[in-house]
Amino acid sequence: MAASKPTIKNFGRSVENRELVWIPMRDGRRLAARIVLPRNADKKPVPAILEYIPYRRRDGTRDRDEQTMAWFAGNGYAFVRLDISGSGDSEGLVEDEYVKREQDDGVEAIAWLAAQPWCSGAVGMIGISWGGFNGLQIAARRPPALKAVISLCSTVDRYHDDVHFMGGCLLNDNMDWGSAFFTYGALPPDPEMVGERKWKTLWKQRLQGLELYPARWMEHQRRDAFWKHGSVKENFAAIQCPVMAISGWVDGYTSAVFELVENLQSPCKGLLGPWGHKYPQVGVPGPAIGFLQECKRWWDRWLKDIDNAVEDDPAMRMFLQDSVKPAPHIDEREGRWLGIPEWPSAGIRSRILHFGCGELVAKPLRKSAR
């Protein structure tokens, strides 16, 4: 049931906001979603786009959602912002990052969305960071209704290429991000959504169920089964739907774009800009791009079966940055966009250079005699 149904009319199609929609799970828990969709979708069903993250749809990602959800709905899609179990207003507990229960819930939610009268039966997933991670992880589970994924600033390897360990070293982010994540797990639901009688009970359950996530991560200092879970590079072949992979040169998750384009057998396109950990329509350093329009092309092709030749785009589109003088902050990078037809490019050559006397040299220096 929707809590309210205000409409927005400044797009190609007037859209409806369903502030609270409960998505039921088999074990009795309910996950809280906000859905913005074309006003006439019950009569003319549309595909659903799912963003599935723990960052609180009511007061966490609200500013961003106000723009993107209405834009996609006005262009013929239902956009669904779903709180992960134990976050926002969703029932249950935040157990840890990317647990199997999170994936199971995502698979159930996708099946539920596909069965709704306003949905055409096709579902796509989009997300940055956590939402980019679980988009790939759930794609590897192959829910039938999931037809395509857009994954931003994510990784294919949770041990070697995330915020916990790198090169065998414990990262500061393990504590920094771990503390922030611990806080998210302890935040209360919204009384306006779950009711004045229930919200304190749910909050107490969350506080009593909290675990110190960074301590758990430090118990796994090697690449064991804990990290292999959710690392899709363990079996790239499990992902069979089309994937668009995006990141920026100054983001911490750049390499996954190259690995996905190189290793997925399903249609996969890569996009790399000058940005940091941002959606590219608000990318900094600039230039930002019309990323929502890029998404619409992807969704039109794979969720609506519109022949727009998106599969003929270059395998990799990347912004080649010009050299600049180092500075604390750069608003805009000089450079140009490149389209590379295939990846790895046939024009790439490997060359080994060695440390010399103030320079890199082709041959190692000979050791001096003692």
Side-chain angles (χ1 to χ4, degrees), residues 96-99 127-137 140 151-182 211-236 238-239 243 245-264 268 270-278 285 316 318-321 323 326 328 330 333 343-345 348-365 367:
D96 197 353
E97 298 176 318
Y98 322 120
V99 295
I128 183 170
S129 201
W130 192 305
F133 275 66
N134 67 23
L136 297 174
Q137 293 162 358
S151 179
L152 299 98
C153 304
S154 64
T155 187
V156 299
D157 190 333
R158 292 185 56 219
Y159 179 70
H160 288 295
D161 197 21
D162 194 8
V163 296
H164 308 295
F165 296 91
M166 192 164 289
C169 295
L170 178 68
L171 299 178
N172 288 337
D173 282 339
N174 191 81
M175 301 302 183
D176 183 10
W177 154 242
S179 299
F181 180 37
F182 183 80
E211 292 192 39
L212 189 59
Y213 311 116
R216 178 185 297 175
W217 303 332
M218 291 174 66
E219 291 173 354
H220 299 272
Q221 297 185 24
R222 299 186 180 183
R223 195 171 190 277
D224 57 13
F226 180 85
W227 300 112
K228 290 179 181 179
H229 168 77
S231 294
V232 298
K233 74 176 301 175
E234 292 293 312
N235 183 13
F236 280 116
I239 298 177
V243 173
I246 303 98
S247 191
W249 289 122
V250 290
D251 182 51
Y253 297 108
T254 305
S255 61
V257 176
F258 297 95
E259 291 199 61
L260 286 164
V261 175
E262 179 176 353
N263 291 288
L264 289 191
C268 184
L271 178 62
L272 274 166
W275 327 289
H277 203 66
K278 296 276 189 179
M316 189 78 72
M318 62 177 67
F319 188 80
L320 181 63
Q321 302 178 133
S323 295
I330 298 173
R333 283 301 300 257
W343 189 264
S345 171
I348 293 176
R349 297 290 183 271
S350 296
R351 186 182 178 193
I352 298 175
L353 297 174
H354 304 267
F355 288 111
C357 296
E359 62 180 347
L360 296 174
V361 295
K363 293 183 179 181
L365 296 178
K367 293 183 178 180

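All heavy atoms count here, side chains included; hydrogens, waters and symmetry mates do not.
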Looking only at heavy atoms, which two atoms of [X] and [Y] are closest? And how far apart?
X      : Y      : answer
Ile239 : Leu136 : CD1-O, 3.8 Å
Pro285 : Val250 : CD-CG2, 3.7 Å
Tyr253 : Ser247 : O-OG, 2.7 Å
Thr155 : Ala256 : CA-CB, 3.8 Å
Ser179 : Pro214 : N-CG, 4.3 Å
Ala245 : Val257 : O-CG1, 3.7 Å

[X] [atom1]: over 12 foreign heavy atoms closer than 6.0 Å:
X      : atom1 : value
Ile348 : CD1   : yes
Asn235 : CG    : yes
Met218 : CE    : no

Min side-chain heavy-atom separation [X]-[Y] under 4.5 Å:
X      : Y      : result
Trp130 : Phe181 : yes
Phe319 : Arg333 : yes
Val163 : Asn174 : no

Inter-residue atom distance Lys363.NZ - Leu353.CG, 0.5 Å rounding: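 Going from NZ on Lys363 over to CG on Leu353, the span is 13.5 Å.
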
Point-to-point distance, once rounded to the nearest 0.5 Å, from CG of Leu320 to CH2 of Trp249: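 Spacing of CG (Leu320) from CH2 (Trp249) equals 8.5 Å.
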
Salt bridge (charged side-chain N to carboxylate O under 4.0 Å, His left out): pairs with one or both residues in residues 159-172, sequence neighbours excluded: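 Pairs touching residues 159-172 that pass the test: none.
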
Residues which pass ring pair (Phe, Tyr, Trp, His ring centres under 6.0 Å) with His164, listed by chain and number, not counting sequence neighbours: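 In terms of ring pair (Phe, Tyr, Trp, His ring centres under 6.0 Å), with neighbours along the sequence ignored, His164 is linked to Trp217, Trp227.
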
Residue list, ring pair (Phe, Tyr, Trp, His ring centres under 6.0 Å) with Trp343, at least two apart or on another chain: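 Partners of Trp343 under the ring pair (Phe, Tyr, Trp, His ring centres under 6.0 Å) test: Phe258.
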
Arg158 to Phe133 six-membered ring, cation-pi geometry met (6.0 Å, 45°):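 Pair Arg158/Phe133 does not count as cation-pi.
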
Intermediate values then yes/no, salt bridge (charged side-chain N to carboxylate O under 4.0 Å, His left out), Lys278 and Asp251: CA-CA 8 Å; Lys278 296 276 189 179; Asp251 182 51; over 6 Å; no

Salt bridge present between Arg216 and Glu97 (N-O < 4.0 angstrom):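 A salt bridge is absent here (no side-chain N lies under 4.0 Å from a carboxylate O).
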
